[in-house]
Colleague: 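Before anything else, here's the structure in question.
The structure displayed is predicted, hence computed values, not measured ones.
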Amino acid sequence: MNRTKFKWNIWYTSAVVMLLFYLLFLIYPLGAIFQEAVYVRGEFSLAHFTRFFSHSYFLGALSNSFQVSAVVTLYSVALGTFLAYLFTTFKFKGKKYLQILLIIASMSAPFIGAYSWILLLGRNGAITNVLTNIFGFPPFNIYGFFGITFVMTLQLFPLIFLFVNGAFRNIDKSVLEASENLGCVGIKKFFQVLLPLLTPTILAGALLVFMRTFSDFGTPMLIGEGFRTFPVLIFTQFVGEVMVNQGFAAALSVIAVVIALVVFLIQKIVAFKFAFSMSSLNPIQPKEVKGIGKVLIYVFVYSSVFIAILPQVYVAYTSFRNTRGMVFHPGYSLGSYIEAFNRMGNAITNTISLSFYATVLIVIVSVFVSYLTVRRRNFLSSTIDTFSMIPFIVPGTVLGIALISAFNTGVFGSGWFRITGTALIMVISLALRSLPYTIRSSVAALQQMSVSVEEAAESLGSSRLNTFFKITIPMMASGIISGAILSWITILGELSTSILLYNVRTRTMTVAIYVEVLRGNFGIAAALATILNVLTIVLLFAFMKVSKTKTVSI
């Protein structure tokens, strides 16, 4: 579509409003932490950065995050890709339901998985007790580097599966038949034919896994123990274990943003190099497998899905057990739920209300940004589109610190826009973190619409504004709604930003679960986690109903 110039109308006005929204709530806060990082007692200084690069303790935390992120990405790509290959090329029973379970596993909050695995494989975990007391195994250590990589891999490999499983559907089976005719079969066919075709998709999924692992805060805090990662270091420096050092935390945040941006750009460059297009007229058809191969496929597939969904199942089970603090007693009751509603009722209502208001804001911004990006594309709309993707790569902890730095005393220190500690800043932060999902979904829906439909309406006397609200929006409604539901799901599991911005009046279920786990109130934490998982599952099925799909694309 040819680029158009803006005239001063509703579209130019909406573009300016969207630009101001991102400048005020994203660019300015990021600029605020940069200013705080390079100014010490009112003078320009690189002392915070010098301190970071001159101490092995701080560099070690960064190195730990890179190690964890690299290992989790490698394992997730290997496991997710192989599982997608089995789902695509072989027939086995229960495939539809296994895919749904993998989607549920991928959408739950990561730290809930960490909490569940503590209950299962912790020092007094259910599986640990069985292995040590009955079978005589040595105590199992779920904490530290191994625990973080184990939990994050099980949490994130379903994402790779969803990416690659969708990519397999775009591969024409004639390509594979041609390779087989040339003698390329078995494992050779996978590495020389399939893997190159899947590379762009795998890279996109690997970027998402790497960034989620690198920026994850809850999992290392719960099971890291002495193994400290970069997001945890940023949090502790900002909040303070012994003393608060917000300037140094700001410098760490700047480093995190630079790293995220570099990784993102490297992925884009590599993905562009391997980019290609393919029309799948004859998609791959799964084939029957017999004998020992069939047994191995069933064992691997069902065990992988079972282990991935086990944390959600077990946390639901423990929510109905009689619990006093960290001790589970014989018998079952609804005591944990009653206590959760009595003590944490506002966290449940806050989660529903704040996520709803954030989703409404997401829909409004996404509708205008997607329309400007596709139908009114120029430098201004391209800038807005670029800004909209920044929250995708900025760690949640960094965004939380940025918003506090910008709005704790007001814009430019004037004090007239102090919103830290309010519900407004929670809604804005939740919306910013999840906006990219709805915008991408809305853009995809709008790109599939022919502009001739809108032109025909205008030729019959409909104004552009009337056409936009009565024709364009209804036609792209499925993309908007499905993207909004997916954004809502990500909002429900958000912790790293909320843990910095909440107060007693605005705490959410993720914050409440995290706090109760630290306090040792496992019953209440399990009840809240189960409620959160149920909300997530309901929204997932709503997403699948609206989008008419059995998978989730991110």
Colleague: What closest approach, in Å, do L432 and P391 show between heavy atoms, and which atom pair accounts for it?
Modeller: O-CB, 3.0 Å
Colleague: Does the side chain of I404 reach to within under 4.5 Å of the side chain of Q246, using non-hydrogen atoms?
Modeller: no
Colleague: Below 6.0 angstrom between ring centroids: does that apply to F25 and F407?
Modeller: yes
Colleague: Using modelled atom types and a 3.5 Å cut-off, is there a donor and acceptor pairing between side-chain atoms of T438 and backbone atoms of S366?
Modeller: no
Colleague: Would you say the ring centroid of F53 lies under 6.0 angstrom from that of F58?
Modeller: no
Colleague: More than 12 non-hydrogen atoms from neighbouring residues, nucleotides or ligands closer than 6.0 Å to OH on Y357, yes or no?
Modeller: no
Colleague: Looking at S69 and F66, would you say the former's side chain and the latter's main chain have a donor-acceptor pair under 3.5 Å?
Modeller: no
Colleague: Would you sort out whether I499 and F235 count as a side-chain contact (heavy atoms from CB on, under 4.5 Å), showing the intermediate values?
Modeller: CA-CA 9 Å; I499 195 69; F235 177 81; 3.9 Å; yes
Colleague: For R505, does the CZ atom have more than 12 heavy-atom neighbours from other residues, nucleotides or ligands under 6.0 Å away?
Modeller: no
Colleague: Looking at every heavy atom in both N346 and V504, which two are closest together, and how far apart are they?
Modeller: ND2-O, 3.0 Å
Colleague: Could you give the distance from CD (Q312) to CD1 (I112), rounded to the nearest 0.5 Å?
Modeller: 7.5 Å
Colleague: Check whether any side-chain heavy atom of L361 sits under 4.5 Å from a side-chain heavy atom of L435, and report yes or no.
Modeller: no
Colleague: Is the backbone of I33 close enough, under 3.5 Å, to the side chain of S405 for a donor and an acceptor to pair up by distance?
Modeller: no
Colleague: For L59, does its backbone N or O pair with a side-chain atom of S63 as donor and acceptor, under 3.5 Å?
Modeller: no
Colleague: What heavy-atom pair brings E494 and T510 nearest, and what distance separates the two atoms?
Modeller: O-OG1, 2.7 Å
Colleague: Would F163 and I202 count as a side-chain contact (heavy atoms from CB on, under 4.5 Å) here? Give the steps.
Modeller: CA-CA 7 Å; F163 271 82; I202 291 176; over 6 Å; no
Colleague: Quick one: does S76's side chain have a donor or acceptor within less than 3.5 Å of a partner on T73's backbone?
Modeller: no
Colleague: Working to the nearest 0.5 Å, report the span between CG of L156 and OG1 of T149.
Modeller: 11.5 Å
Colleague: Hey, could you give me the OG1/CD1 distance between T530 and I513, rounded to the nearest 0.5 Å?
Modeller: 8.5 Å
Colleague: Which heavy-atom pair separates Y115 from F522 by the least distance, and what is that distance?
Modeller: OH-O, 2.8 Å
Colleague: For the residue pair A308 and L102, what are the closest heavy atoms and their distance?
Modeller: CB-CD2, 4.4 Å
Colleague: List the steps, then state whether side-chain contact (heavy atoms from CB on, under 4.5 Å) holds for L532 with L528.
Modeller: CA-CA 6 Å; L532 189 62; L528 290 172; over 6 Å; no
Colleague: If every non-hydrogen atom of L403 is compared with every non-hydrogen atom of T420, which pair is closest and at what distance?
Modeller: O-OG1, 4.2 Å
Colleague: Measuring from atom OG1 of T213 to atom CG of L208, what distance do you get when rounded to the nearest 0.5 angstrom?
Modeller: 9.0 Å
Colleague: Backbone N or O of D385 within a donor-acceptor pair of the S388 side chain at under 3.5 Å?
Modeller: yes
Colleague: Within a 6.0 Å radius of atom OH on Y75, are there more than 12 heavy atoms belonging to other residues, nucleotides or ligands?
Modeller: no
Colleague: Would a distance-only check, ignoring hydrogens and angles, find a side-chain to backbone donor-acceptor pair under 3.5 Å from D216 to R212?
Modeller: no
Colleague: Do L154 and W117 have side chains that get closer than 4.5 Å, going by heavy atoms?
Modeller: yes
Colleague: Would you give the length of the straight line joining atom CZ of R51 to atom CG of L252, rounded to the nearest 0.5 angstrom?
Modeller: 8.5 Å
Colleague: Mind checking whether T373 and I384 have side chains closer than 4.5 Å, heavy atoms only?
Modeller: no
Colleague: Kindly indicate whether the side chain of L222, heavy atoms from C-beta on, has any atom under 4.5 Å from the side chain of L518.
Modeller: yes
Colleague: For F34, look at atom CZ and say whether over 12 heavy atoms of other residues, nucleotides or ligands are found less than 6.0 Å away.
Modeller: no
Colleague: Going through the distances and angles, do T490 and R433 end up as a side-chain contact (heavy atoms from CB on, under 4.5 Å)?
Modeller: CA-CA 8 Å; T490 61; R433 291 278 287 162; over 6 Å; no
Colleague: With a 4.5 Å cut-off on side-chain heavy atoms, are I531 and F341 touching?
Modeller: yes
Colleague: Could you check whether any side-chain heavy atom of L19 comes within less than 4.5 Å of a side-chain heavy atom of F387, counting everything from C-beta outward?
Modeller: yes
Colleague: Measure the shortest side-chain to side-chain distance between F21 and F368 over non-hydrogen atoms and say whether it is less than 4.5 angstrom.
Modeller: no
Colleague: Within the distance-only criterion (no hydrogens, no angle test), does the side chain of S353 pair as donor or acceptor with the backbone N or O of N350 below 3.5 angstrom?
Modeller: yes
Colleague: Do other residues, nucleotides or ligands put more than 12 heavy atoms under 6.0 Å from the OH atom of Y39?
Modeller: no
Colleague: Mark yes or no for whether T153, through its side chain, and F150, through its backbone, hold a donor-acceptor pair below 3.5 Å.
Modeller: no
Colleague: As an exercise, state the distance from CG of L492 to CD1 of I352, rounded to the nearest 0.5 Å.
Modeller: 9.0 Å
Colleague: Under 3.5 Å, is there a donor-acceptor pair between the side chain of S487 and the main chain of S434?
Modeller: yes
